[in-house]
Each structure stands twice: as structure tokens, then as C-alpha cells.
Q: 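The structure's right below; bear with me while I get my questions together.
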Amino acid sequence: MWGRVPGQTGRMRDGPDISRIAALLGDPGRAAMLTALLSGKALTAGELAHEAGVTPATASGHLAQLAEAGLVRPWKQGRHRYFALDGPEVAGLLETLAGLAVGKGLTRTRTGPRDAALRECRVCYDHLAGARAVQLYSSLAGRGFLAVTPETVAVTAPGEAALAELGLDLAPWRARKRAFCRLCLDWSERRPHLGGALGAALLDFVLESGWARRARNDRRVVFSPEGGAAFDAVFPAAESVTPASI
């Protein structure tokens, strides 16, 4: 109908092909499975079928496509076959898309207590997300423990010292083959939280301190009253931050 645009050759341009990944993510069932895997836990095909509301046969077909594209990683243990996201880059993509969807008003209509708890604190693959995570980032940045530019975020020397006082040894986390410190746009808060190896180290710190626990069946991170108070004392909200050490 329109004819060929002058100068077009009819050939696809060279470079990354995002259309295949976009097509895989565009199916609601596959998207639900990937979102379930943002918990950082490995799940069976049956568990993922339940999350997506599809039959086991349909789930197996979806998972085969996701594995072929490198979005999930399967492995077999005993009689069961498990699936997990194939690394933090996939998790970051999903969280970014979730933030974009919320920003454009593309949200589900059902709300309830679980939604409020997920907004309060949840796991984004291997780091904290939600209101608590945004508070943690703002608290560190507000005291000069992070150096933030539009393109980068890094731990400052005072930040290294303050985190060491908490007992956080960052050397093993720096040695990992991944970004040490990066920002994610939190889909529920629409503000940044910390990802990367530093974000994973801080999640471990919160859990090992006994302040919070992982929910068994979803992504929630649940703080005890005492744990919430301890978290607020160590990582006070940005409006109450002063340039002092942790």
C-alpha cells in the first residue's frame, strides 16, 4: 500500500535483534513465569505453570523457548527439573520493564494486602526492592557514602569505612564477575534502589542480621517490628539523614 521508502534496501539492519526477546516477553504466560523467578529462587515447571495459570504442557513449551533464548537456565536435580533466571541482567531487564509499565499506567486492577507488602519490601532477584530498598539507597547517598552521577554510582571512601563498621567485607563481592554497584528504578516507588553485587551484599546483611525473613511462597521480605526499627536506625530515611557515619 505504502510502497518502499526511498533509500530502503529491504534488508534488516545489522546489530542486536531485540524483536525475539520482545516477542517472548509479550506473552502473558511467559511474562508471569519470568516475574515469579524474580524471587531469585529456582522453581519447577509445575510451580511455574501454576504461577502463569497455564497447563503443564503449555508451561513446558514456554520454558523451552525461554531457555533457548537464554532468559532462563534449567537444571535437573533428582526427579525434578528446575528453572531460574539466567543472571542478574535478565532480572534487571524485567524490573526495568515493570517500572516502564507502571510509569505508563499499565497495571493490573486487582490490589490487596499482598500488593502492599510487595511495595514495602521484596526481593528483586538478589537484592532488595520496594520502599525499604529506596530508603536504604537514599540513606547511603544522603550521607555521602555513595557518589552518584546520571551515569554511575560508586561507594566513596567514607562509605567503605561505614560499611566495614557494619561488618560488611566488600572484597569478595567486588571480585564477582558482574557490576559491583548499579541503580535500578524501583517499579513501585518510581525512585532508585541499589542493585549489583553491593545490593546483593546488603540483602544478605539484612537477612543475616535477623531483621527480616524471606516469605516462603513469593517475593516479599518481611521485617519484624524489632528488625524494622534496627533497619531504620542504621539506614534512616533521607529526610532525617545527617553527614555522620553509620
Side-chain angles (χ1 to χ4, degrees), residues 15-28 30-43 48 51 62-63 65-74 83-104 106-107 118-119 121-138 140-141 146-155 170 172-207 214 218-221:
D17 180 9
I18 66 172
S19 62
R20 185 180 177 198
I21 291 178
L24 288 170
L25 297 178
D27 179 88
R30 288 191 289 266
M33 290 178 174
L34 291 168
T35 300
L37 292 174
L38 274 172
S39 67
K41 298 178 181 178
L43 300 175
L48 290 167
E51 289 287 340
H62 285 331
L63 289 166
Q65 293 179 69
L66 293 171
E68 184 182 0
L71 297 179
V72 301
R73 181 178 66 254
F83 295 85
L85 294 182
D86 195 14
E89 295 84 1
V90 179
L93 169 64
L94 296 172
E95 187 78 2
T96 298
L97 288 173
L100 178 62
V102 170
K104 299 299 182 182
L106 303 173
T107 59
L118 284 171
R119 283 172 163 75
C121 197
R122 62 187 181 273
V123 169
C124 176
Y125 188 62
D126 64 355
H127 60 270
L128 287 173
R132 290 277 185 185
V134 169
Q135 176 180 327
L136 187 155
Y137 162 70
S138 299
L140 294 177
L146 297 174
V148 184
T149 74
E151 292 81 25
T152 63
V153 58
V155 182
L170 298 181
W173 297 93
R174 289 188 184 279
R176 298 194 175 192
K177 294 181 179 180
R178 60 178 299 190
F180 174 68
C181 189
R182 66 179 182 83
L183 296 182
C184 295
L185 180 62
D186 196 279
W187 66 257
S188 56
E189 293 295 303
R190 303 299 294 157
R191 295 167 60 195
H193 66 240
L194 277 174
L198 178 60
L202 287 164
L203 170 59
D204 278 6
F205 170 77
V206 167
L207 297 177
R214 294 280 306 271
D218 58 39
R219 296 169 59 194
R220 290 173 298 144
V221 175

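The chain is numbered in sequence order, starting from 1.
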Q: Do side-chain atoms of D186 reach the backbone of R191 as a donor and acceptor pair under 3.5 angstrom?
A: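 Answer holds: no.
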Q: Please report the shortest heavy-atom distance between Y125 and A91, naming the atom on each side.
A: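 For Y125 versus A91, the nearest heavy atoms are CB-CB, 3.4 Å.
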Q: So, taking the atom named CD in Q65 and the one named CZ in R30, what distance separates them when rounded to the nearest 0.5 Å?
A: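 It is 4.5 Å, given to the nearest 0.5 Å.
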Q: Rounded to the nearest 0.5 Å, how far apart are CG of L66 and CG of L71?
A: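 Here the interatomic distance stands at 5.5 Å.
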Q: A side-chain contact here means heavy atoms from C-beta on lying under 4.5 Å apart; do L140 and V155 qualify?
A: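 SC-SC contact between L140 and V155 ruled out.
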Q: Between R219 and E95, is there a salt bridge with N-O shorter than 4.0 Å?
A: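 The answer is yes: the pair qualifies as a salt bridge.
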Q: Has R178 got a side-chain atom pairing as donor or acceptor with G87's backbone, closer than 3.5 angstrom?
A: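 No; zero donor-acceptor contacts below 3.5 Å.
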Q: Any idea which heavy atoms bring E189 and G130 closest together, and the distance?
A: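 Nearest pair, atom of E189 first, then G130: CG-C, 3.9 Å.
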Q: Can you tell me how far the CG atom of L207 sits from the CG atom of L202, to the nearest 0.5 Å?
A: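 If we round to the nearest 0.5 Å, L207:CG and L202:CG are 11.0 Å apart.
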Q: On a heavy-atom basis, which atom in L118 and which in R220 lie closest, and how many Å separate them?
A: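 Answer, listing the atom of L118 first, then R220: CD2-CG, 3.7 Å.
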Q: Is the closest side-chain heavy-atom distance between H127 and L194 below 4.5 Å?
A: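 Heavy-atom side-chain distance check fails, nothing below 4.5 Å.
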Q: Do L94 and T35 have side-chain heavy atoms sitting under 4.5 Å apart?
A: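 No, every pair of side-chain atoms sits at 4.5 Å or beyond.
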Q: Looking only at heavy atoms, which two atoms of L37 and F83 are closest? And how far apart?
A: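 Of all heavy-atom pairs spanning L37 and F83, the closest is CD2-O, 3.3 Å.
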Q: Which pair of heavy atoms, one from R214 and one from S39, lies closest together, and at what distance?
A: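 Here R214 and S39 meet closest at NH2-O, 2.6 Å.
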Q: Step by step, would you call L198 with V153 a side-chain contact (heavy atoms from CB on, under 4.5 Å)?
A: CA-CA 11 Å; L198 178 60; V153 58; over 6 Å; no
Q: List the steps and the verdict of side-chain contact (heavy atoms from CB on, under 4.5 Å) for R20 and E68.
A: CA-CA 11 Å; R20 185 180 177 198; E68 184 182 0; 3.4 Å; yes
Q: Identify the heavy atoms of P192 and L183 that sit nearest to each other, and give their distance.
A: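 Shortest heavy-atom contact: CB-CD1, 4.2 Å.
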Q: Can you tell if the side chain of Y137 reaches within under 4.5 Å of the side chain of L146, non-hydrogen atoms only?
A: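 Side chain of Y137 against side chain of L146, heavy atoms only: contact under 4.5 Å found.
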Q: How many angstroms lie between atom NE2 of H193 and atom CG of L185, to the nearest 0.5 angstrom?
A: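 Rounded to the nearest 0.5 Å, the NE2-CG separation comes out at 8.5 Å.
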Q: Please report the C-alpha distance between R73 and L85 in whole Å, then the side-chain angles of each, then the deciding distance to 0.1 Å, and finally whether the side-chain contact (heavy atoms from CB on, under 4.5 Å) criterion is met.
A: CA-CA 6 Å; R73 181 178 66 254; L85 294 182; over 6 Å; no
Q: Determine whether L25 and L93 make a side-chain contact, defined as any pair of heavy atoms from C-beta on separated by less than 4.5 Å.
A: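 The answer is yes; the side chains approach within 4.5 Å.
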